[in-house]
Amino acid sequence: MKILIDNLFSVKGVLGVLVVSSDSRILFQDLTRLELDGLKETDLEMPLSLFDRVEELDLLFERYRIYIQKYPLGLIWVIMQPDASAAMIRLQCDIIAPKMEQEKPIKKGIGRLFK
Amino acid sequence: MPEELSVQDRNKLVLIVDNNEELLESLKVGLGKYRAKFSALYANDGKKALEILKRESISIVVSDVKMPKMNGLALLSIMTNRYPDIPVIIITAYGQDELEWLARKSGAVAFVSKPFSIDELGNKILSLLQKESDGGVIKGVSAGVFMQLAEMEEMTCTIRVYSEATDMQGVVFFKKGRLFDARCDTCGGEKAVLKILSLEQAHIRIQNSCPGFVQPKIGVGLQAVLLEAMRLKDEAIADKAEPLENTCLELSEADELTIASPEEGSEPKEKATIQKGQHPIKVLHEIQEEIGKRFEMNEINSGRGWEHVVTISLKIGDLFDSGHLKCGYIQKNNYNSNLFIPGSPSAVVSVDQTCPRDRVFRIAGRIV
């Protein structure tokens, strides 16, 4: 997943990326350029409730632009500078979303030994 | 760790960032002899450095690369974006050419290799401080007058404006006479220029260069910004209005929408807000007018019933300390998309896939 996300970070103006599963688990987050240690899953409960019936959300704030796209296993969040090339970022999301489906989170602990 | 400084010392402050306590202690002692020229503040990591940058007018940052929490390169990356006017000197270990190349590419202006002498660092700092006003210093001229001169003379420069009356500082960037960007407090772009233009008893320092990585972030010309500044000043006089920095309204004060407060123990964040006094429907009409025939919007509606979407959007903004919400686009399916401008009530318009969303956002970013 890291390699796929690096494609997003290669677009100028991308400051953070978050990948969240449809059951609210954080699968990936890199928010260091935003000076954030990371979000907790409880932070996302309210925002995720909107995406039952929404495919895409694009928000322009004073400091950042936040783009959220649904993919079959969850959501890709991209936090960028307001003047970042959003069209390029949407394109990158369209490209990586189908590939993300093939990526499975690594199971931790003894659970990985059983089906 | 930061030392407390008197107001008169604040014009030339150097921030030194290193997690090596021994090195910091020896720098504190060694740099003491430069106190007539500059004072130093100290931080152990990039995060603490950013906290200091938020509240102090720093002239130069000197940073080590390897540090806990936030390393020097991450700090450099944030600084080139948020504080492009502040030069960064990177401390590297001897023989780290690749790191030096990376840091230079990321915007570092100078390097010192460990082990270094106090005077080597002191001289580098002095030479950069001199650059800060190599185009001269002006007192008693309004920032607006000097900006007009910069435009007319097609100057490439960095203008630092300091107000003794309010102890505030702002920076404006010009490239070939074009107003590119500005910074004042936590604001950037046009809003920062407007704040700078409101500074009284200004003290102006001119640097005859503008950092290469400064990007154009102001979509309108200087004349338009000057007119807007005059209008705001007139309004302030007429209404005895609050200063510019207080024009944002906490949503909870304006609307019945509520946002969950941060958890106890977490750092207090500035809540996402909507802009006071804007008329969302009017904003959408202005956007429509500016885009013209290239894009036809459907009927604009008052966004009653959209409170839930706006509340969640603000909650999303809160997670990243994003400032006020200007505009949103929401796609429910291939045939159902909407643009909205938040407010009380919000304005909503349905759009199709030909909607030039980025252009709409650029216009909203400018006028909201």
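Per chain, numbering begins at 1; letters A, B, ... match sequence-line order. Note that this is a predicted model, so its numbers are computed, not measured.
For A/L50, the parts lying near chain B are the backbone and the side chain together; criterion is any non-hydrogen pair under 4.5 Å. Heavy atoms closer than 4.5 Å to chain A are found in the side chain of B/R82, but not in its backbone. Both the backbone and the side chain of B/K332 come within contact range of chain A, each with at least one heavy atom under 4.5 Å from a heavy atom of that chain. Heavy atoms of A/P82 lying under 4.5 Å from chain B are absent altogether. Heavy atoms closer than 4.5 Å to chain A are found in the side chain of B/L50, but not in its backbone.
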Applying side chain to side chain contact (heavy atoms under 4.5 Å, CB included), run through A/L57 and B/I316 and close with a yes or a no.
CA-CA 11 Å; A/L57 184 67; B/I316 290 169; 3.8 Å; yes

Should B/I312 and A/F51 be marked as a side chain to side chain contact (heavy atoms under 4.5 Å, CB included) after you check the CA-CA gap, both sets of side-chain angles, and the distance that decides it?
CA-CA 11 Å; B/I312 289 180; A/F51 286 88; 5.9 Å; no

Would A/E56 and B/Y329 count as a side chain to side chain contact (heavy atoms under 4.5 Å, CB included) if you check the C-alpha gap in whole Å, the side-chain angles of each, and the deciding distance to 0.1 Å?
CA-CA 8 Å; A/E56 197 179 327; B/Y329 170 91; 4.2 Å; yes

Steps toward side chain to side chain contact (heavy atoms under 4.5 Å, CB included) verdict (A/F61, B/K326)
CA-CA 5 Å; A/F61 290 91; B/K326 296 188 169 201; over 6 Å; no

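In the model, B/N81 has a side-chain atom that pairs as donor or acceptor with a side-chain atom of A/Q81 under 3.5 Å.
Considering CG of A/D58 and OG of B/S337, their distance stands at 11.0 Å, rounded to 0.5 Å. A distance of 7.5 Å separates CG in B/L319 from CD1 in A/I66, rounded to the nearest 0.5 Å. The CG atom of A/L34 lies 7.0 Å from the CZ atom of B/F320; values are rounded to the nearest 0.5 Å. Put simply, CG on A/L44 and NZ on B/K315 are 9.0 Å apart, with the number rounded to the nearest 0.5 Å. Of the inter-residue distances, the one linking B/C187 atom SG with A/R63 atom CZ reads 8.0 Å to the nearest 0.5 angstrom. Between atom CD1 of residue B/I363 and atom CG of residue A/L60 there is a gap of 12.0 Å, rounded to the nearest 0.5 Å.
Comment: B/K191 engages A/E62 in a salt bridge, judged by a side-chain N to carboxylate O separation of less than 4.0 angstrom.
Comparing A/V54, A/T32, A/L59, A/I68 by how many heavy-atom pairs each has under 4.5 Å with chain B, the most go to A/L59. Interface remark: of the candidates A/K70, A/E35, A/R33, A/E35 forms the most heavy-atom pairs closer than 4.5 Å to chain B.
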